[in-house]
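Notes follow once the structure below has been shown.
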Amino acid sequence: SATFAPDGLGMHTNAAAALLGITSVRFDPQLVAQAANAVLNDDPASWNAIAGDPTRDPGPLVATMTTPVFAMSAWDDFWFPTEKLVEILNTLPASTPRCVYLGTGGHSSPANDVERDQRNVWRRDWFDRWLKGVAGSTDALPNFTYAVTPSDVNVYLDELSTWEHGGSAVWPPVDTLAYRLYVADNGELWPFAPSGLETSQTLTQQVAPGFGAQQLLDTEFRWAQVEPNVPLAALTWDSRPLTAPLRFVGDPIAHLALRPLALQWQVTVSVWDVDELGLARYITSGSHFGAESAPSVFVNPVSVHLGSNAYEFPAGHKIRMRLQNVHVHEPATGTLLRYAPTLADFSVEISHEVGDESWLELPLSESLTVPYGWVLPNSQGCSPALDATGLASTTSTAPFAIEARNVLNNTDGLLIYSLERHKKSMGFGQYLFVRSPVKRCGGLFSGGNAGPQVDCSGVFEYDFNARIQAGVDSALIPGTRVFAQIWSRDPAAPATTNLTNAIEFSVFP
């Protein structure tokens, strides 16, 4: 016997059915007609009746399931979004055994033999465990095992590549911090909240006359046929090049201060990785549909939930957020829409000023040290880079070493920090990235080559755990977020000083 899972509304031939001589597999014609009428009549009640039919939606039954569950999903699954699967699985009773794989191998995600073979091993062990009572490797797995999407596209597409795995008892992982990148009117994503008035930007959609619901159905939701009638409009914002890799694990969210200038509207948010050559790679996306009783009122904020993923942006790359009017399947080889477009002209203003901020929220591990900001090259043309190793802790005997390399040799410096991120020009192209009141640590000396030649062999290093545990700052307790930077002397520079980029980190027990 065989069970067929038709694609979309059953428009495509199922390979298994073809082997049996069946030319197509379709939903019940009555269901297809019901769905078509919902589109034609813009009738949410019809959609709700379809989605809420208990014979089609097992969601309400999941909370009563005691059968052990092994589930697998791909980050970029065109038909079955990972975040929806996780939402349902999270309603399982706490006592129900579960093993969930999140990664690749489904629909629009790439095939990978190594990941497939590992999933097959887990699958066999799972059935051995729960049908035969034989202990297996799945007993040692966390509830959620996730594969980190390779940032190298060649590795991502290589069917024999090995993907890094992580694990978590719950999804999204509990040790995550909502890291904000704010939208700015200069087309940049800043780690700094707006400090004044900014010019709002407008996303506008124009639909070709005569193109309506029936015409959309006739295209079978194929983007190549829809685009001439509903042209894609987009706004983009890029971060500065990252000074160190930045990994997120979980569900990004875009919080947008919007003012719709129409009653019906739609916005899609996507996140991209932009390399040094400007080539952009799609990471994840999500949509929001609006229906207003009266336009021209700010909706603040609209929270657009993006697809789950685990991804690391490489150093030197930029993070891009794109706002557009239609949710198209990415990468560009896809021919379908992810969601049907709003078939009406509309404009939506996006605000990003004090009181009406808009930002992208990435779920980062709270134990991650995050470099931010930038640095002006010193008098020798070097760019001192600040980073840290270890974990800031009130009890650990291991150091939390804050370190700046590529600094001038044999010069004095100072570690400064505060409890808030900031951006303030200090003149001559230099910026202070910590907000007042600023606290200063003991003096540092860079060392390096003995001289008298001046070069960039110096290193500043400071064990911040020694300061935490000395008790000289009562604010340095578990849960505190700290922002730090290093100042140093540079007599030959226009400002006679130099400031590194900054880092932020959390204090742990």
request  = Please collect all side chain to side chain donor-acceptor pair (under 3.5 Å) contacts where either partner lies in residues 153-162, sequence neighbours excluded, each pair once.
outcome  = Asn112-Ser161, Ser161-Trp163
inquiry  = Any salt bridge linking Asp238 with Arg320? Criterion: basic side-chain nitrogen under 4.0 Å from a carboxylate oxygen.
reply    = yes
message = Using the side-chain contact (heavy atoms from CB on, under 4.5 Å) criterion, which residues pair with Glu420? Sequence neighbours excluded.
response = Arg435
message = Using 0.5 Å steps for rounding, measure from the CG atom of Asp125 to the CG atom of Leu141.
response = 8.5 Å
task = Determine the minimum heavy-atom distance between Ser308 and Trp75, stating which atoms define it.
result = O-CE3, 3.2 Å
request  = Using the six-membered ring wherever Trp is involved, compare the ring planes of His327 and Tyr339 and label them parallel, tilted or perpendicular (cut-offs 30° and 60°).
outcome  = tilted
message = What I want to check is whether the side chains of Asp76 and Ser109 have a donor and an acceptor closer together than 3.5 Å.
response = no
task = Check whether the side chains of Ser358 and His255 place a donor and an acceptor atom closer than 3.5 Å, and report yes or no.
result = no
note = Which of Tyr282, Phe313, Trp237, Tyr311 passes ring pair (Phe, Tyr, Trp, His ring centres under 6.0 Å) with Trp272? It is Tyr282
key: Thr342 side chain vs Gln264 backbone, donor-acceptor pair below 3.5 Å   = no
note = Here the gap from Gln266 atom CD to Phe289 atom CZ, rounded to the nearest 0.5 Å, amounts to 3.5 Å
message = Can you tell me which residue among Arg322, Arg338, Arg281 is in a salt bridge (charged side-chain N to carboxylate O under 4.0 Å, His left out) with Glu330?
response = Arg322
key: Pairs where residues 78-89 contributes a residue and the test salt bridge (Lys or Arg N to Asp or Glu O under 4.0 Å) is met, not counting sequence neighbours   = Lys84-Glu87
request  = Verify the distance criterion only: is there a donor paired with an acceptor across the side chains of Gln118 and His165 at less than 3.5 Å?
outcome  = no
message = So for atom CD, which belongs to Gln206, do other residues, nucleotides or ligands contribute more than 12 heavy atoms lying within a distance under 6.0 Å?
response = no
ask   = Do Ser347 and Thr204 have a side chain donor and acceptor closer than 3.5 Å?
value = yes
task = For Tyr101, check ring pair (Phe, Tyr, Trp, His ring centres under 6.0 Å) against everything at least two apart and list the hits.
result = none
Arg222 bridged to Glu227 by N-O distance under 4.0 Å = no
inquiry  = With rounding to the nearest 0.5 angstrom, report the CG to CD distance, Leu336 to Gln225.
reply    = 10.0 Å
task = For the pair Trp265 and His288, evaluate ring-ring contact (aromatic ring centres under 6.0 Å, His included) and give the outcome as yes or no after the intermediate values.
result = CA-CA 9 Å; Trp265 53 280; His288 179 86; 5.4 Å; yes
ask   = Taking all non-hydrogen atoms of both residues, which atom of Val114 and which atom of Leu160 are closest, and how far apart?
value = CG2-O, 3.5 Å
request  = Measure from the side-chain N and O atoms of Gln215 to the backbone N and O of Gly212, and report whether any donor-acceptor pair falls under 3.5 Å.
outcome  = yes
query = Do Tyr372 and Thr243 have side chains that get closer than 4.5 Å, going by heavy atoms?
reply = no
key: Spacing of Arg98 atom CZ and Thr138 atom OG1 [to the nearest 0.5 Å]   = 14.0 Å
query = Looking at side-chain heavy atoms only, is the closest gap between Leu61 and Met65 below 4.5 Å?
reply = no
query = Taking the six-membered ring of Phe505, is the NZ or CZ of Arg481 close enough (under 6.0 Å from the centre) and on axis enough (within 45°)?
reply = no
query = By salt bridge (charged side-chain N to carboxylate O under 4.0 Å, His left out), which residues pair with Glu312, not counting sequence neighbours?
reply = Arg247
task = Would you please say whether a donor-acceptor pair under 3.5 Å links the side chains of Ser287 and Thr268?
result = yes
task = Could you tell me whether a side-chain N or O of Ser239 sits under 3.5 Å from a main-chain N or O of Leu189, the two making a donor and an acceptor?
result = no
task = Assess the side chains of Asp77 and His107: does a donor N or O sit below 3.5 Å from an acceptor N or O?
result = yes
remark   = Residues at least two apart in sequence or cross-chain that pass side-chain contact (heavy atoms from CB on, under 4.5 Å) with Pro173, listed by chain then number, are Ser168, Trp171, Asp175, Thr176, Val249
Between Ser285 and Ser270, a side-chain donor and acceptor under 3.5 Å = no
